[in-house]
Amino acid sequence: MAKRAVFITGAAGGIGAALVRAYRDAGWYVVGSDRQASDQARCDAYISADLSSLASDEGALIQVVSEVRGCLRGLQLCALVNNAAAQIL
């Protein structure tokens, strides 16, 4: 069976970091993202990106999709875990 790949947003800490560990422990190839690079994210590949503008900025969406595809190294993306959060104060 080919290795499965997952893209996890909000991967730098908390629940996201726990998800990264769980998927890696289960043998998945993990692509993670967060607003800032993090030493805590133990992903196979990591994208530092603010995903909050993707719904309204087509250029940003195209950029992130391209980066994720590049990170997959030919693997098929089998799962997306949208753990990113936005906070309005």
Side-chain angles (χ1 to χ4, degrees):
M1 176 194 265
K3 192 165 194 170
R4 296 175 292 179
V6 59
F7 178 46
I8 301 175
T9 66
I15 294 170
L19 287 165
V20 168
R21 284 191 300 275
Y23 274 93
R24 293 225 36 217
D25 288 349
W28 288 61
Y29 180 87
V30 177
V31 179
S33 74
D34 213 306
R35 291 182 180 195
Q36 56 210 13
S38 172
D39 293 339
Q40 296 177 14
R42 305 285 186 229
C43 305
D44 295 294
Y46 191 82
I47 299 168
S48 180
D50 182 353
L51 305 178
S52 63
S53 66
L54 297 186
S56 60
D57 184 345
E58 185 176 354
L61 175 62
I62 290 168
Q63 172 79 24
V64 170
V65 169
S66 176
E67 288 184 45
V68 171
R69 283 185 177 151
C71 289
L72 291 173
R73 297 196 226 159
L75 294 172
Q76 181 178 357
L77 184 64
C78 296
L80 164 67
V81 179
N82 187 15
N83 177 62
Q87 184 175 15
I88 301 172
L89 300 175

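What you see is a predicted model, and the numbers here were worked out from it, not measured in a lab. Worth knowing before you read on, the calculation uses all heavy atoms, side chains too, and leaves out hydrogens, waters and symmetry mates. Position 1 is the first residue of the sequence; numbering continues from there.
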| If you measure from CG on Leu51 to CZ on Arg35, what distance do you get to the nearest 0.5 Å? | 8.5 Å

| From SG (Cys78) to CZ (Phe7), nearest 0.5 Å | 14.5 Å

| note | Note: Gln76 and Ala5 closest approach over all heavy atoms is O-CB, 3.5 Å

| said: What I'd like to find out is whether the side chain of Leu77 reaches to under 4.5 Å of the side chain of Arg69, using heavy atoms alone. | reply: no

| message | A side-chain contact here means heavy atoms from C-beta on lying under 4.5 Å apart; do Tyr46 and Asp34 qualify? | response | yes

| said: Around atom CG of Leu80, are there more than 12 heavy atoms from other residues, nucleotides or ligands closer than 6.0 Å? | reply: yes

| query | If you take all heavy atoms of Arg42 and Arg24, which pair is closest and at what distance? | reply | O-NH1, 2.7 Å

| note | Heavy-atom nearest pair, Tyr29 first then Arg73, reads OH-NE, 3.5 Å

| request: Mind listing the closest non-hydrogen atom pair of Ser53 and Ala60 along with its distance? | output: OG-CB, 4.0 Å

| task | Give a yes or no on whether Val64 and Leu75 share a hydrophobic cluster (residues Ile, Leu, Val, Met, Phe, Trp, Tyr; joining criterion: side-chain heavy atoms under 4.5 Å apart). | result | yes

| field | In one Ile/Leu/Val/Met/Phe/Trp/Tyr side-chain cluster, 4.5 Å: Val30, Leu72 | value | no

| said: Looking at Thr9 and Asn83, would you say the former's side chain and the latter's main chain have a donor-acceptor pair under 3.5 Å? | reply: yes

| request: Give the minimum heavy-atom separation between Cys43 and Ala11, together with the two atoms involved. | output: SG-CB, 4.3 Å

| ILVMFWY network linking Trp28 to Val31, side-chain heavy atoms under 4.5 angstrom | no

| query | Given the rule that I, L, V, M, F, W and Y join up when any side-chain heavy atoms are under 4.5 Å apart, are Leu61 and Ile47 in one cluster? | reply | yes

| query | Mind checking whether Val68 and Ile8 sit in one hydrophobic cluster, side chains of I, L, V, M, F, W, Y counted as touching below 4.5 Å? | reply | no

